[in-house]
Amino acid sequence: MRKRSRAAELRLRLTDGFGVFIVQSVTRSQLAYHRGFKSVQYAFTELSTMTVLSVKQALSGAQVGSEITVRGWVRTRRDSKAGLSFVHLSDGSCFAPIQIVAAASLSNYTDTVQHLTAGCAIIVEGLLLPSQGKGQSFEIQARRITVCGWVENPETYPIQPKAHSLEFLREVAHLRPRTNLVGAVARVRHTAMTAIHRCLSEQGFIWVNTPIITTSDAEGAGEMFRVSTLDLANLPHTPSGEVDFSKDFFGKEAFLTVSGQINVEAYCLAMSKVYTFGPTFRAENSNTTRHLAEFWMVEPEIAFADLIDNATLAEGFLKAIFCAILDERSDDMAFFAQRIEPTSLTRIQALVKAPFERIEYGEAIKILKKANRPFTFPVEWGIDLQTEHERYLAEEHIGRPVVVMNYPEAIKAFYMRLNDDGRTVAAMDVLAPGIGEIIGGSQREERLDVLDRRIAQFGLNVADYTWYRDLRRYGTVPHAGFGLGFERLLCYICGLTNIRDVIPYPRAPGQASF
RNA sequence: GCCCGAAUAGCUCAGCUGGUUAGAGCAUCUGACUGUUAAUCAGAGGGUCGUAGGUUCGAGUCCUACUUCGGGCGCCA
C-alpha cells in the first residue's frame with residue numbers, strides 16, 4: 001500500500017452541535033475531486049470555527065442567538081424585492097425545513113441567492129433567531145450562503161414543491177427521499193427498525209444473524225432465487241444429463257433465504273429468546289401492492305413457550321413499535337394523517353391502549369358464514385382464509401388488527417405444532433385493516449415422532465431435515481415464534497397502501513432499477 | 001400466473017357522439033408587489049398526444065398489436 005503523506009491531508013474540525021469535535025481527514029484526491037467547486041473548499045476551510053447544526057437541532061432553539069451553520073437542500077425560495085428572500089432548507093433530520101432569511105445585502109444576493117431553486121445544495125452560515133414571521137418558531141438570518149451544488153436544469157428537476165403521484169416518485173427513486181413523503185417514510189422506517197432492536201434487546205432477546213445464502217431448498221415458504229457461479233452459457237452436466245451442481249460454488253444447489261426461522265430455532269434452543277432480522281427473498285411472481293421480491297422480516301423465537309405466549313409476544317412487540325413511532329416521529333405521523341390517511345395516527349394511538357382481539361379460526365369461519373354478504377370464495381371449515389375474508393374480519397367485523405389462531409392442519413406448514421384435536425395446528429396470523437396478514441407465526445412441533453409424521457404427510461424428504469430433527473432429539477422444548485413483514489408494518493403505520501413506497505429501492509417481478 | 005384500467009407540456013390533469021391553431025394549474029424564465037409560508041398579480045417559453053400499424057376526406061379521440069405503468073385476485077410476510 002502506498003505510503004500516504006500526512007502533509008497531503010487536510011484535517012478539518014467540525015463541531016456537531018453538542019460541542020463534540022469531529023476530526024475529518026480529507027485526502028488530496030478528495031480535494032482534487034472538489035477542484036471545480038471552489039465554494040466547497042472555501043466552506044471546508046471556513047467551517048472550522050462554525051457550529052454546524054442539523055435542521056432538527058437548529059429548530060429546537062437550543063442555540064438561539066448563536067452563529068451557526070446548517071447544510072441541506074433547498075425546498076422553496078420566495079423573494080421580496082423589498083430586500084429579502086426566504087429559503088426553506090431541508091436536511092432530512094426532521095420533517096420541517098428551516099427558514100433561511102437572506103437579505104439583499106448579501107454579496108451574492110443577485111447572482112446566487114435569487115437563482116436558488118428546489119434541489120440546490122447549500123451551506124448557510126448565520127444567526128439563529130426567533131422568527132419574526134408566522135409559521136415557524138426559529139429561523140436563520142443568513143450571513144453567508146454558499147452553493148455546494150446547483151440544479152443544472154431547474155425545469156427538469158423532478159422534485160417540485162407540490163404533490164407528486166406515488167407512481168411518478170417510484171420512477172425517480174434516487175430523488176424521492178427529497179420529498180416530504182418519502183423523507184418521512186425513511187425516518188419512520190429507521191425509528192421502527194431501531195425500536196424493534198431496542199424493544200427485543202431490553203427483553204433479553206439475542207439478535208441472531210441467520211444466513212442470507214442457504215443450501216436448504218426445504219424452507220417451504222415459496223419460490224427461491226438461485227445463487228450460482230456456474231456459467232449459464234456452459235453448464236456442467238452429470239452423466240445422466242442433469243446440471244452438475246457439485247461443480248457450483250457451494251458444491252450443491254444454493255439459494256437466497258426465504259426465512260431465517262429454521263436456522264434461528266437452533267439458537268432459540270440454546271439462547272432461549274432470539275430473533276433474526278434481515279432481508280428476505282421470494283421469487284414468487286406476485287404482482288400486488290403488498291408483495292416484494294426483497295423485503296425485511298423480523299422473526300422472534302422463544303423457548304418454553306406456546307401459542308398464547310407467542311400471541312402475547314406479538315401484541316406487546318407491535319405495541320412497543322407503535323409507541324416508539326408515536327414518541328419519536330410525531331412530526332412525520334402528523335403529515336401522514338394530514339395528507340395520506342386521516343386515521344393513520346389515531347388508529348395506532350387507539351391500538352396501543354386496547355388489547356388485541358383474538359379469535360379462533362373456527363370462530364372466524366362462523367363469523368364469515370354469518371356475514372350478510374357474498375364472498376367470491378365460499379366459506380367452509382377447512383378453507384384457507386382469502387384476502388376478502390381477512391379484510392372483512394379486520395376491517396369490518398373487528399375494525400382493528402385481529403389475531404386468528406389454530407388453523408386446520410392441512411393448510412399450514414409441516415413444522416407447526418399439531419393440536420390435541422388432531423385437526424388443527426397452533427398457528428396464528430395477525431391481520432391488519434388495509435394490509436392483511438402482517439404477522440404469521442406458530443408454536444413449533446417439538447415432538448420428534450409427530451414431526452416425522454408431518455414431514456412424511458407433506459411428502460418431504462426426511463433426509464433434508466437431519467439437523468432440524470436433531471433439535472427434537474437433544475433437549476427438545478416447546479417453542480414458538482412468528483415473522484413480521486417489516487414493510488407491511490410500515491404501510492400500516494404510514495397509511496400507505498403500496499409496499500413499494502416504504503422501501504427505498506423496491507424489487508418486484510420485472511422491477512429492479514436503481 | 002389470471003382479470004381490469006391507464007398512457008396528452010418538467011409535474012398534476014382537462015380535451016364531449018372523430019372536424020380549423022391541443023388547453024389549465026403548478027414548475028421554469030422576465031417583470032410588478034409583499035416578513036413571505038406549496039405567497040400573489042401580469043407576461044413568455046415549453047407538446048411528434050407511449051410505440052407501430054389500420055379505418056376515415058380528416059384521428060389526441062375509433063380498431064389491432066406491442067411497450068410501460070397502475071389496480072384487483074392468487075401465492076405470502
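Chain naming here is simple, since letters A, B, ... match the order of the sequence lines and numbering starts at 1 in each. These numbers were taken from a predicted model, which means no experiment stands behind them.
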Any-strand Watson-Crick or G-U partner of [N], both distances under 3.5 Å:
| N | answer |
| --- | --- |
| B/rG35 | none |
| B/rG43 | B/rC29 |
| B/rA77 | none |
| B/rU67 | B/rA7 |
| B/rC2 | B/rG72 |

Scan [X] against the nucleic acid and name what it touches under 4.0 Å (heavy atoms): base, sugar-phosphate only, or nothing.
| X | value |
| --- | --- |
| A/S131 | base |
| A/I438 | sugar-phosphate |
| A/Q386 | sugar-phosphate |
| A/T288 | base |
| A/L292 | base |
| A/Q114 | nothing |
| A/A118 | nothing |
| A/N498 | sugar-phosphate |
| A/F295 | base |
| A/D79 | base |
| A/Q132 | base |

Should A/R290 and A/E437 be marked as a salt bridge (charged side-chain N to carboxylate O under 4.0 Å, His left out) after you check the CA-CA gap, both sets of side-chain angles, and the distance that decides it? CA-CA 10 Å; A/R290 55 192 182 280; A/E437 187 179 337; over 6 Å; no
When you compare [N] with [M], how far apart are their [atom1] atoms, in angstrom units rounded to a whole number?
| N | M | atom1 | value |
| --- | --- | --- | --- |
| B/rA52 | B/rA39 | C1' | 47 Å |
| B/rG60 | B/rU55 | P | 16 Å |
| B/rU68 | B/rC29 | C1' | 33 Å |
| B/rC41 | B/rG71 | P | 35 Å |
| B/rG74 | B/rU56 | C1' | 44 Å |
| B/rU64 | B/rA59 | C1' | 15 Å |
| B/rG35 | B/rG23 | P | 38 Å |
| B/rG70 | B/rA24 | C1' | 25 Å |

Separation of [N] [atom2] from [X] [atom1] (nearest whole Å):
| X | N | atom1 | atom2 | result |
| --- | --- | --- | --- | --- |
| A/F168 | B/rC13 | CZ | C1' | 14 Å |
| A/F86 | B/rU34 | CZ | C1' | 9 Å |
| A/L496 | B/rG70 | CG | C1' | 16 Å |
| A/N285 | B/rC73 | CG | P | 16 Å |
| A/E299 | B/rC76 | CD | C1' | 13 Å |
| A/Y157 | B/rC29 | OH | P | 15 Å |
| A/L84 | B/rU40 | CG | P | 18 Å |
| A/M428 | B/rA77 | CE | C1' | 12 Å |

Does a donor on one side chain sit under 3.5 Å from an acceptor on the other, for A/E265 and A/Y415?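 No donor-acceptor contact under 3.5 Å links the two side chains.
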Does either side chain, that of A/N419 or that of A/T424, offer a donor lying less than 3.5 Å from an acceptor on the other one?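 Looking only at side-chain atoms, A/T424 and A/N419 do form a donor-acceptor pair, the distance falling under 3.5 Å.
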A/Y465 ring center within less than 6.0 Å of A/F414 ring center: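 Ring centres of A/Y465 and A/F414 closer than 6.0 Å.
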May I ask you to check whether A/F255 and A/F281 place their ring centers less than 6.0 Å from one another?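 Judged by ring-centre distance (under 6.0 Å), A/F255 and A/F281 do not meet the cut-off.
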Classify the side chain of [X] and the base of [N] as holding, or not holding, a donor-acceptor pair under 3.5 Å.
| X | N | answer |
| --- | --- | --- |
| A/R282 | B/rA77 | yes |
| A/E284 | B/rG74 | no |
| A/H291 | B/rC76 | yes |
| A/S286 | B/rC75 | yes |

Tell me, with the steps shown, if A/E171 and A/R176 meet salt bridge (charged side-chain N to carboxylate O under 4.0 Å, His left out). CA-CA 9 Å; A/E171 294 170 12; A/R176 67 177 181 166; over 6 Å; no
Between [X] and [Y], does at least one N-O distance fall below 4.0 Å, as a salt bridge requires?
| X | Y | result |
| --- | --- | --- |
| A/D429 | A/K412 | yes |
| A/R454 | A/E445 | no |
| A/E396 | A/R373 | yes |
| A/R417 | A/D306 | no |

Mapping A/D384 and A/L116 to their closest nucleotides on RNA chain B, which lands nearer the 5' end?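 Checking each residue's closest nucleotide, the 5'-ward one belongs to A/L116.
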Relative to the 5' end of RNA chain B, which residue comes earlier, A/R77 or A/Q160, by the nucleotide with the nearest heavy atom?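 Result: A/Q160.
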Side-chain N or O of [X] versus OP1/OP2 of [N]: is the shortest distance under 4.0 Å?
| X | N | value |
| --- | --- | --- |
| A/R290 | B/rG74 | yes |
| A/T156 | B/rU28 | no |
| A/R78 | B/rA39 | yes |

Distances under 3.5 Å between nitrogen or oxygen atoms of protein and nucleotides 66-69 of chain B:
residue : atom : partner : partner atom : Å
B/rC69  : OP1  : A/Q511  : NE2          : 3.1

Find the distance between CH2 (A/W150) and CG (A/N153) and round it off to the nearest 0.5 Å.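 CG of A/N153 is found 13.5 Å from CH2 of A/W150.
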Shorter than 3.5 Å, N or O on both sides, protein versus nucleotides 43-49 of chain B: list them out with atom names.
residue : atom : partner : partner atom : Å
B/rG45  : N2   : A/E155  : OE2          : 2.5

Is the closest side-chain heavy-atom distance between A/L89 and A/I140 below 4.5 Å?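 No, too far: nothing below the 4.5 Å cut-off.
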Do A/L181 and A/R339 have side-chain heavy atoms sitting under 4.5 Å apart?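 SC-SC contact between A/L181 and A/R339 ruled out.
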If you apply the rule side-chain hydrogen bond (donor to acceptor under 3.5 Å, both in side chains), what do you find for A/Q57 with A/S93, and how did you get there? CA-CA 8 Å; A/Q57 291 168 330; A/S93 59; over 6 Å; no
